[in-house]
Amino acid sequence: MDLEQPALPGMPRTRRRRAAGVQVADELPVARVLVDRPQPHLDRPFDYLVPAELADRVRAGVRVKVRFAGQDVDGWVVDRVAESEHAGRLTPLRRLVSAEVVLPTETLDLVTAVARRWAGTVADVLRLAVPPRHAAVEREEWPDGSVPPRPDVQDSAWQRTPGGPAFLRRVAAGEAPWAVWQALPWTVEPWADQVAQAVGAARAGGRGALVVVPSGAEVDLAVDALERHGVAPWRPGSAGGWVRLVADEGPAARYRAFLAAVRGAADVVVGTRAAAFAPVARLGLAVCWDDADPLHEEPRAPYPHAREVLAMRAGEGTALLVGGYSRSVAAQRWVELDRARPLVADRTELRRSTPRPVHLDRAELAREGPAAAARLPSAAWRTIRDGLEHGPVLVQVPRAGYLPAVACARCRTVARCATCGGPLRLAGSHALPACGWCGGLAGAWRCGECGHTGLRSIAVGAARTAEELGRAFPGVALRRSSAEHGVLRSVPAGRSLVVATTGAEPIAESGYAAAVLLDAQVTASRPGLDADQAALRHWLAAAALVRPSSEGGVAVLIGDVPAPLAGAFVRWDPAGLAERVLAERAGVQLPPAAHLVVLEGERAAVQAVADGLHVRTTVRGPIPTGPAPDGVLDPERSRPVRALLQTPWPQAAALVADLGAVLVTRSAAREGIVRVRVEPTDVG
């Protein structure tokens with residue numbers, strides 16, 4: 001009787017020709033299969049027999065169905081061999097799902113390296129790298145296309161950036177330089193045009209390109225620029241061109257784009273974070289735009305970052321371009337290690353290209369007397385009024401909603417829900433208070449401290465800001481852009497007020513005449529290791545949409561923030577702030593100056609993982625991160641905790657390998673689950 005379990009490596013060699021009456025392939029009868037199971041102790045290939053009728057179609061990289069632990073599960077064939085290392089009888093493949101090779105060797109190597117670096121499993125990373133199959137797309141017939149002519153290298157969009165044209169020439173010549181690029185404002189030189197010309201340089205050298213951006217809005221900008229610079233969209237039957245690899249496109253369009261890349265039909269892929277794994281043939285250039293955006297970090301295990309995945313792909317024959325209006329601390333570390341060259345315009349060009357940055361804090365507003373305490377001081381009103389004479393004005397607000405937090409009007413105690421204790425908020429001027437946690441209405445709310453029933457705002461959102469500005473500037477077109485009301489992609493050049501939350505600022509056709517960035521202290525004081533960096537990134541991204549100072553453009557930052565952060569905004573010097581932050585983190589061994597691993601789970605499980613490590617590391621914690629579950633006998637033992645493992649970079653790989661071995665042992669023993677985050681961008 002045949003065993004219903006797959007073969008395990010490590011046993012004496014043997015060779016089987018039959019299994020339960022199934023005729024086995026004469027040549028290379030054993031397929032090594034990665035099964036789609038997330039448990040760490042199952043993260044290795046298993047051996048199966050190849051039925052004779054599938055012998056011509058089963059090859060490395062195809063999808064199959066196999067019998068595993070009494071169930072039919074998905075798997076990927078990674079190799080075919082003549083003999084198995086298993087002493088028992090092998091189970092045959094259940095069926096071939098598709099003869100399409102969706103996991104080429106290069107992608108498998110990358111996926112394996114990512115899984116090892118972030119202490120994950122290959123199966124988890126494969127879900128990110130290979131989209132779900134769409135059978136109808138595989139059945140489509142694509143006629144063969146002619147090879148497109150190589151374009152000439154264009155560098156007009158890079159003339160203002162010293163070193164930019166030289167970088168493009170090296171890419172076109174087949175070299176693999178790394179560059180950290182600080183883009184000029186959109187109104188002077190759209191970043192998408194610079195990316196398109198860099199892609200053109202790679203194609204001029206007969207190689208492909210991969211562009212990874214944070215969201216679909218940036219994908220649209222990038223592909224529009226590619227078309228403006230002569231890179232056509234790929235169509236079935238054409239050879240060369242760009243494809244979009246975005247989950248929001250739908251399963252059919254996404255899988256079609258993936259097949260175009262894996263078959264070598266499309267030579268340019270533009271997409272969001274999962275596109276970092278796209279199998280571009282002859283990859284010559286990898287681009288990561290706005291690498292400090294948190295959307296580049298995968299929210300599912302093992303939490304890889306797109307910038308780092310692209311860096312793993314770059315090297316021999318592949319150039320890397322990481323850019324943004326600001327500079328991440330991780331990119332700054334590359335610069336200081338001389339792994340990448342900075343591409344930054346000189347100070348004269350920056351002053352000519354950027355709007356006039358102004359920071360208004362309490363000291364600057366002191367001469368206005370009591371009006372200085374207003375959320376919109378008179379200087380901001382004047383900026384908006386004067387800007388509206390010349391075009392649209394952008395108002396950036398860090399909070400969404402109407403009044404996202406309210407308090408007792410008499411004693412200033414924060415208003416909370418009587419049911420769950422969550423904070424109350426108002427969705428409109430005539431709305432009843434509602435809980436931000438459970439959603440329950442609190443129409444008969446009464447303060448638990450003083451018994452008063454009146455409420456006052458302690459936080460103002462974008463909706464309330466738009467209402468106030470609409471009353472202050474009657475007759476002016478008012479537009480809102482946020483996740484709540486819909487994100488605008490662009491606004492016309494006419495006179496209008498645009499109120500947008502951070503990250504939702506639309507592009508103005510002729511640039512904004514002015515920008516007012518409200519509540520700077522809110523943006524800068526949000527919890528997290530990268531709070532300063534994130535705040536500057538949001539401010540510069542909004543200011544980059546404003547006309548240059550030579551055309552009267554001005555960007556006003558309102559609120560009290562730390563002096564180094566305000567100085568970086570006023571000087572338009574994100575590299576200086578990144579250098580300062582990196583030096584500070586080196587002193588306390590925080591990432592990216594040092595390697596960091598975060599362990600989260602029950603105290604006993606986290607402590608057991610930390611105690612099981614053999615590589616020397618500094619353990620911080622564990623510390624509680626939340627309340628214990630209800631009804632447990634031992635609340636202290638069940639309370640979730642977090643521990644940090646700090647390690648110098650030379651020992652990082654050894655620590656992660658050691659950690660992976662501990663997780664495999666715990667998984668096999670079915671011990672408590674511990675969430676592991678390697679190289680997290682934030683620890684908040």
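Salt bridge present: R228 and D193 bring a charged side-chain N and a carboxylate O closer than 4.0 Å. A salt bridge is defined here as a Lys NZ or Arg NE, NH1 or NH2 lying under 4.0 Å from an Asp or Glu carboxylate O, and D56 with R59 fails to meet this definition. Taking the charged nitrogens against the carboxylate oxygens, R307 and D291 do have a contact shorter than 4.0 Å, which makes a salt bridge. The pair R333-E336 does not meet the salt-bridge criterion, since no charged nitrogen lies less than 4.0 angstrom from a carboxylate oxygen. Salt-bridge formation is not detected for the pair K65/D36: no Lys NZ or Arg NE/NH1/NH2 atom is positioned less than 4.0 Å from an Asp or Glu carboxylate oxygen. Of the charged side-chain nitrogens involved, none lies within less than 4.0 Å of a carboxylate oxygen, so that R256 and E249 do not count as a salt-bridged pair. Residues R254 and D248 are not paired through a salt bridge, judged by the lack of any N-O separation under 4.0 Å between the basic side chain and the carboxylate. Here D72 pairs with R94 in a salt bridge; the nearest charged N to carboxylate O distance falls below 4.0 Å. In this structure, R537 pairs ionically with D293, as a charged nitrogen and a carboxylate oxygen lie closer than 4.0 Å.
Using a distance-only test at 3.5 Å, with no hydrogens or angles considered, a donor-acceptor pair links the side chain of R80 to the main chain of V58. Of the possible polar contacts, one joining the S481 side chain to the L488 backbone as a donor-acceptor pair under 3.5 Å is found. Panel note: side chain R547, backbone G511; a donor-acceptor pair is recorded below 3.5 Å. No donor-acceptor pair under 3.5 Å is formed between the side chain of Y512 and the backbone N or O of A542. Panel note: side chain E484, backbone A462; no donor-acceptor pair is recorded below 3.5 Å. A side-chain donor-acceptor contact under 3.5 Å links S353 to the backbone of E349. Judged purely by atom type and a 3.5 angstrom limit, T501 has no side-chain atom pairing as donor or acceptor with the backbone of A400.
Looking only at atom types and distance, the side chain of R479 has a donor-acceptor partner in the side chain of S496 under 3.5 Å away. The closest side-chain donor-acceptor pair between Q533 and S328, if any, does not fall under 3.5 angstrom. For the residue pair Q194/R160, the side-chain donor-acceptor check at 3.5 Å is not satisfied. No side-chain donor from either of D43 and Q39 sits under 3.5 Å from a side-chain acceptor of the other. Judged purely by distance below 3.5 Å, without hydrogens or angles, the side chains of S156 and Q197 pair a donor atom with an acceptor atom.
L221 has its side chain within reach of W186: a pair of non-hydrogen atoms, C-beta onward, lies under 4.5 Å apart. The shortest distance between side-chain heavy atoms of L540 and W572 falls below 4.5 Å. Side-chain atoms of P165 and L168, non-hydrogen and from C-beta on, never get closer than 4.5 Å to each other. R133 has its side chain within reach of Y255: a pair of non-hydrogen atoms, C-beta onward, lies under 4.5 Å apart. Using a 4.5 Å heavy-atom threshold, the side chains of V130 and R63 count as touching. Looking only at side-chain heavy atoms (C-beta outward), V153 and V171 stay at 4.5 Å or farther from each other. At least one side-chain heavy atom of P548 sits under 4.5 Å from a side-chain heavy atom of V188. The closest side-chain heavy-atom distance from P279 to V269 is not below 4.5 Å.
Taking every heavy atom of both residues into account, A183 and W191 meet most closely at CB-CB, 4.2 Å. Of all heavy-atom pairs between G391 and A513, the closest is N-CB, 4.1 Å. Residues M312 and W118 share a closest heavy-atom pair of SD-CZ3, 3.8 Å. Among all heavy-atom pairs drawn from A222 and V270, the shortest one is CB-CG1, 3.9 Å. Residues V199 and L285 share a closest heavy-atom pair of N-CD2, 3.9 Å. Of all the heavy atoms in G120 and P302, the pair that sits closest is CA-CB, 3.7 Å.
With sequence neighbours excluded, the residues satisfying ring-ring contact (aromatic ring centres under 6.0 Å, His included) with W181 are W158, W289. For H485, there are no ring-ring contact (aromatic ring centres under 6.0 Å, His included) partners, not counting sequence neighbours.
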Using the side chain to side chain donor-acceptor pair (under 3.5 Å) rule, take T502 and Q396 through it: C-alpha gap first, then chi angles, then the decisive distance, then the call. CA-CA 6 Å; T502 50; Q396 183 193 73; 5.9 Å; no
May I have the step-by-step check of salt bridge (Lys or Arg N to Asp or Glu O under 4.0 Å) for E100 and R263, ending in yes or no? CA-CA 9 Å; E100 190 77 45; R263 292 175 179 176; 2.7 Å; yes
Mind running salt bridge (Lys or Arg N to Asp or Glu O under 4.0 Å) on R300 and D124 for me, showing each step along the way? CA-CA 8 Å; R300 295 172 293 179; D124 282 339; over 6 Å; no
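With rounding to the nearest 0.5 Å, the separation of OG in S482 from CD in E505 is 11.0 Å. Here the CD atom belonging to E308 is positioned 6.0 Å from the CD atom belonging to E679, to the nearest 0.5 angstrom. A distance of 11.0 Å separates CG of D74 from CG of L126, quoted to the nearest 0.5 Å. To the nearest 0.5 Å, atoms OG1 (T681) and NE2 (H296) are separated by 11.5 Å. Taking CG from L295 and CG from D290, the interatomic distance works out to 9.0 Å, rounded to the nearest 0.5 Å. To the nearest 0.5 Å, atoms CZ (R313) and CZ (F277) are separated by 9.0 Å.
Identified under the ring-ring contact (aromatic ring centres under 6.0 Å, His included) test for residues 206-247, with sequence neighbours left out: W142-W234.
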